[in-house]
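Have a look at this one before I ask anything.
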2 protein chains.
Amino acid sequence: MINFALPKTFFNMSKCDQCIVREFSSLKALNKDELLKLSDCKTSHTIKKGEVIFEEGENINGIYCVKDGICKLTKLSPNGKDHIVKLIKKGELLGQRSMISDEPVNLSAVALEDMEVCFIPKSEVMGFFDKNNQFSMNVMKTICSDLKDSDDHMVSMAQKSVKERLAETLIYLEETFGKNVDGSLVIQLSREELSGMIGTATESCIRLLSDFNKLGLIELSGKKIVLKDINKLKKIAE
Amino acid sequence: MINFALPKTFFNMSKCDQCIVREFSSLKALNKDELLKLSDCKTSHTIKKGEVIFEEGENINGIYCVKDGICKLTKLSPNGKDHIVKLIKKGELLGQRSMISDEPVNLSAVALEDMEVCFIPKSEVMGFFDKNNQFSMNVMKTICSDLKDSDDHMVSMAQKSVKERLAETLIYLEETFGKNVDGSLVIQLSREELSGMIGTATESCIRLLSDFNKLGLIELSGKKIVLKDINKLKKIAE
DNA sequence: CTAAAAATATGATAATTATCATATAAATGA
DNA sequence: TCATTTATATGATAATTATCATATTTTTAG
């Protein structure tokens, strides 16, 4: 997305019907009138890398539409570590479950890159829910998909070794977020974050990355990770 | 529930508006007319302990309402072990996610006790969906609750030790399914099943149960497990 | 640009967990 | 009933993973 660094006021004025990422989410079911209403009530926000969009336990009273950038959804475990439950990229919505359950969010959202997000108040979304069947069906399908992913993920966490989980996660990152021209993963997580995704100590994660590197499965240069042998990685991940 | 071992035909005739477990599920939103329609199209089934209701990958084309008994929802991991993702008791519905996503089920359902279940065809449920807003909202909230549970569960699996997970699971079993007059857990899982819930080798699970027993946290007698010191167990589970 | 802080890396060691072997107890079926 | 299978239990050992210590590299702030 080209951003000419327009002043925030203008950005706030931007119309949802011209927003391309809308097409990637449940919002694609909204008609012109609904989109106009949406434009009026939404607020746009710039989030800097590392900033928190919302925190576990908070009442956010609406949903966020990610216009640009990537964020992590984390949950603090009693052992003091943040587990990364999910990564969210542009086009996706945040806070749907919380809104429907009428509960505080159970995950924190933290920007991994600079982000542009729009906040849509609950009242507005619930209105679409009542009147637009396709919209509510879309939301429902998204949450169902999240549930399936989460169940699958749970089984991986419970049944696979750390090595298997690391291989699986590296493949997931490449498949979901792609690679740069030099072949390196577009999404750059710190070793600590990667550990927080696979559920392991940071040192163990670093050690396994070194092993993969020595075995020629990946290539490490600074923060960059290149997957060199996806087939072998897939075999490890099973 | 008292069951006089009525012939199956009579059982099939039973009316949904007189079914008490309906009140525990999303179906409570249905009105009299809808319940009559439901009675006509549902089929009732007796499932013996150990029998499979549906299997991962199957297209079930409807949902099951659990009238009596408990079943496990499992997913086969590449390591050959069945992971128990969730336990389902009477009053709950099965197969909602699959129906909404219009996908095969991603979990298998196996009876842990003799069960009575009713099958409701997809066409019927989807009709309620369109016409009864409260019903679809109930389903949505159930799935949202499942998603939250699954995310929480995922973090436990990823971040907690086997000992912590075992303590957590024992408490969950007592809180969810209750205890007998002698104080033992109502739900009786084999050691292998318990291992499949916490994601560990059966021997490790047995060993930890022995440890808990020796520490006076639980009492083992045959298949029976009595939680003797819930506070300490909770502390272990964190 | 440089000092300080943070992230990454690796070694040494301890703790956890899995695996294999084997014994005992319980459940099942003819 | 008894034999046979299956489940539970425990020991010995190996493999995995975490923890602590300490370099080294990279990033950040002044």
Salt-bridge criterion met for B/Lys148 and B/Asp152 (N-O under 4.0 Å): yes

All N/O pairs under 3.5 Å across the protein-nucleotides 15-18 of chain D interface:
{"unit_1": "D/dT17", "atom_1": "OP1", "unit_2": "A/Val162", "atom_2": "N", "d": "2.8"}
{"unit_1": "D/dA18", "atom_1": "OP2", "unit_2": "A/Thr200", "atom_2": "OG1", "d": "2.4"}
{"unit_1": "D/dA18", "atom_1": "OP2", "unit_2": "A/Ala201", "atom_2": "N", "d": "3.3"}
{"unit_1": "D/dA18", "atom_1": "OP2", "unit_2": "A/Ser204", "atom_2": "OG", "d": "2.8"}

Which whole-number value in Å describes the distance from A/Glu192 CD to C/dA6 P? 12 Å

What's the CG-P distance between B/Leu209 and D/dA7, to the nearest Å? 16 Å

Closer than 4.0 angstrom, basic N to acidic O: yes or no for A/Asp82 and A/Lys72? no

May I have the distance from B/Lys214 (atom NZ) to D/dG11 (atom C1'), rounded to whole angstrom? 11 Å

Between C/dT10, D/dT8, C/dC20, which nucleotide gets closest to the side-chain atoms of A/Ile206? C/dT10

In whole Å, what is the span from the NZ atom of B/Lys223 to the P atom of D/dA9? 9 Å

In short, B/Ser210 meets B/Leu220 closest at the heavy-atom pair N-CD1, 4.3 Å

Nucleotide C/dT13, atom C1' - distance to CD of A/Glu203 in whole Å: 13 Å

With the threshold set at 4.0 Å, does a side-chain nitrogen-carboxylate oxygen contact exist between A/Glu113 and A/Lys90? no

If you count every heavy atom of other residues, nucleotides or ligands that lies below 6.0 Å from B/Glu192 atom CD, does the total exceed 12? no

Taking every heavy atom of B/Lys81 against every heavy atom of B/Thr200, the minimum-distance pair comes out as NZ-O, 4.0 Å

Rounded to whole angstroms, how far apart are CZ on A/Arg191 and P on D/dT27? 11 Å

Just to confirm, is there a sub-4.0 Å distance from OP1 or OP2 of D/dT8 to any side-chain nitrogen or oxygen of B/Thr202? no

Could you state the NZ-C1' distance from B/Lys224 to C/dA26, rounded to the nearest angstrom? 15 Å

Roughly, in whole Å, what's the span from CG in B/Leu220 to P in C/dA25? 15 Å

